[in-house]
Amino acid sequence: MRVQQDNIEASQRRGSVSVARQQQGVYKYKLRLAYNGFKYQGFQVAPTQVMSVSSNQHEIDTSRLMLGLNGLLPRDIRVKEFCRVPPDFSARYSTLGKLYCYELHTEATEDPLLSHMRLHVAKPLNIFMMRAAAKAFVGSHDFTQFSSLQSMGNAVRNPQKTIKYFDIHEIPGGLRLAVYASGFLYRQVRHMVGAIIGAGLGTVSKRTILEFLALGSSVPLTGRQKPPWNTAAAKGLCLEAVDYPPHADISLLMHPELLHDEHGRLVAEPVLSSE
């Protein structure tokens, strides 16, 4: 099979793509966006969001194109970076990890200047119980019970995620929760934050969190009893960072172990981990 042979040859060249093959007319570009999603249904703030596009043009004046795109986009969305990447770059599959932050406003009276960017919790929170709950999520787990995968239809997602850290910091007027992981399921961060808030209010125990983590995919979300936490609102959520491996040399494939077509593109992406 030609595609398989091309993939073998690419691997034998230590993951490189020949110049002749690159000149056949398929080129990949990475766009890094920043947006304020408060007025868009279901979106949060993201200082860094990445997407990729393909083009049949080899030489693109990316600086000029960035200016043009930003002139057409609404003011709450901006292109911050536009660059050429290897042909098998994937905005989702190629990620090493993501950092999400969530901010709470914990003063008794809600601040109208913060109401669009922090979730207000008027009742007192026990930060020690919250930190203990956050530590329960650290490590590798099946996070199906802390997701809204039932809303994704037939989309396939790998429920196994590895959380590197989940920290809670005190900030003026509130708390900032920061979680870094290899990837996230749909609404996973908001479910975890909801459970941690419940721990701070005394309605969710660390033991309960561990029990739901142990359930994993064994209990369908559509048939389970309602969990003892509420999914946190989107308005406090912010995608702070998305990490990728170095890819300065566009002649080197990022995923030489996978199947590629004659242009170096992935034939099919594996089951993705990102939210």
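We count residues from 1, following the sequence as given. Please read all numbers here as calculations on a predicted model, not as lab measurements.
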Heavy-atom side-chain contact between [X] and [Y] under 4.5 Å:
| X | Y | result |
| --- | --- | --- |
| Pro86 | Leu253 | no |
| Pro245 | Leu96 | yes |
| Leu221 | Ser147 | yes |
| Leu104 | Met130 | yes |

Verify same cluster id: [X], [Y] (apolar side-chain graph, 4.5 Å):
| X | Y | value |
| --- | --- | --- |
| Val138 | Tyr100 | yes |
| Phe166 | Ile171 | no |
| Val219 | Val204 | yes |
| Val193 | Leu99 | no |
| Tyr165 | Leu237 | no |

- prompt: Among Arg265, His255, His260, which one satisfies side chain to side chain donor-acceptor pair (under 3.5 Å) with Asp88?
  reply: His260
field: side-chain contact (heavy atoms from CB on, under 4.5 Å) evaluation trace for Leu213 with Phe143
entry: CA-CA 6 Å; Leu213 285 173; Phe143 282 93; 3.7 Å; yes
Closest contact, heavy atoms only, [X] versus [Y]:
| X | Y | answer |
| --- | --- | --- |
| Ile60 | Ser55 | CD1-OG, 3.7 Å |
| Gly194 | Ala232 | N-CB, 4.1 Å |
| Ile196 | Ala133 | CG1-CB, 4.3 Å |
| Phe82 | Leu69 | CE1-CD1, 4.0 Å |
| Met66 | Val79 | CE-O, 3.3 Å |
| Leu239 | Val242 | CD2-CG2, 3.9 Å |

His191 versus Ser148, side-chain donor and acceptor atoms under 3.5 Å: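 Their side chains do contain a donor-acceptor pair, which is all the 3.5 Å distance test asks for.
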Main chain of [Y], side chain of [X]: is a donor-acceptor contact present, judged purely on distance under 3.5 Å?
| X | Y | result |
| --- | --- | --- |
| Thr62 | Cys83 | no |
| Lys28 | Phe89 | yes |
| Asn70 | Arg78 | no |
| Arg131 | Ile168 | yes |

[X] [atom1] to [Y] [atom2] distance, which is reported to the nearest 0.5 Å:
| X | Y | atom1 | atom2 | answer |
| --- | --- | --- | --- | --- |
| Phe184 | Met192 | CZ | CE | 5.5 Å |
| Tyr180 | Glu240 | OH | CD | 13.0 Å |
| Tyr27 | Asn56 | OH | CG | 8.0 Å |
| Lys80 | Leu31 | NZ | CG | 13.5 Å |
| Gln145 | Leu215 | CD | CG | 5.0 Å |
| Tyr244 | Ser90 | OH | OG | 7.5 Å |

message: Angle between ring planes, Trp229 versus Phe146, binned at 30° and 60°: parallel, tilted or perpendicular?
response: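 Plane angle under 30°, so parallel.
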message: Apply side-chain contact (heavy atoms from CB on, under 4.5 Å) to residues Gln188 and Val179 and explain how you reach the verdict.
response: CA-CA 11 Å; Gln188 178 186 332; Val179 55; over 6 Å; no
message: Going by salt bridge (Lys or Arg N to Asp or Glu O under 4.0 Å), name the residues that satisfy it together with Arg75, two or more places apart in sequence or in a different chain.
response: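 With sequence neighbours excluded, Arg75 shows a salt bridge (Lys or Arg N to Asp or Glu O under 4.0 Å) to no residue whatsoever.
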field: For Met129, the rest of its hydrophobic cluster, which grows through side-chain links under 4.5 angstrom
entry: none
Quiz: residues 116-125 side-chain donor-acceptor pairs under 3.5 angstrom, not counting sequence neighbours:
| from | atom 1 | to | atom 2 | distance (Å) |
| --- | --- | --- | --- | --- |
| Arg118 | NE | Glu103 | OE1 | 3.1 |
| Arg118 | NH1 | Pro172 | O | 3.1 |
| His120 | NE2 | Glu107 | O | 2.7 |

task: Check the pair Lys226 / Asn230 against side-chain contact (heavy atoms from CB on, under 4.5 Å), numbers first and verdict last.
output: CA-CA 9 Å; Lys226 187 180 184 301; Asn230 295 317; 3.6 Å; yes
message: Atom CZ of residue position Phe128 - does it have more than 12 heavy atoms of other residues, nucleotides or ligands inside 6.0 Å?
response: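 Count not over threshold, so no.
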message: For a side-chain contact (heavy atoms from CB on, under 4.5 Å) check, start with the C-alpha distance between Ser52 and Val50, then their side-chain angles and the critical distance, and finish with the verdict.
response: CA-CA 7 Å; Ser52 60; Val50 177; over 6 Å; no
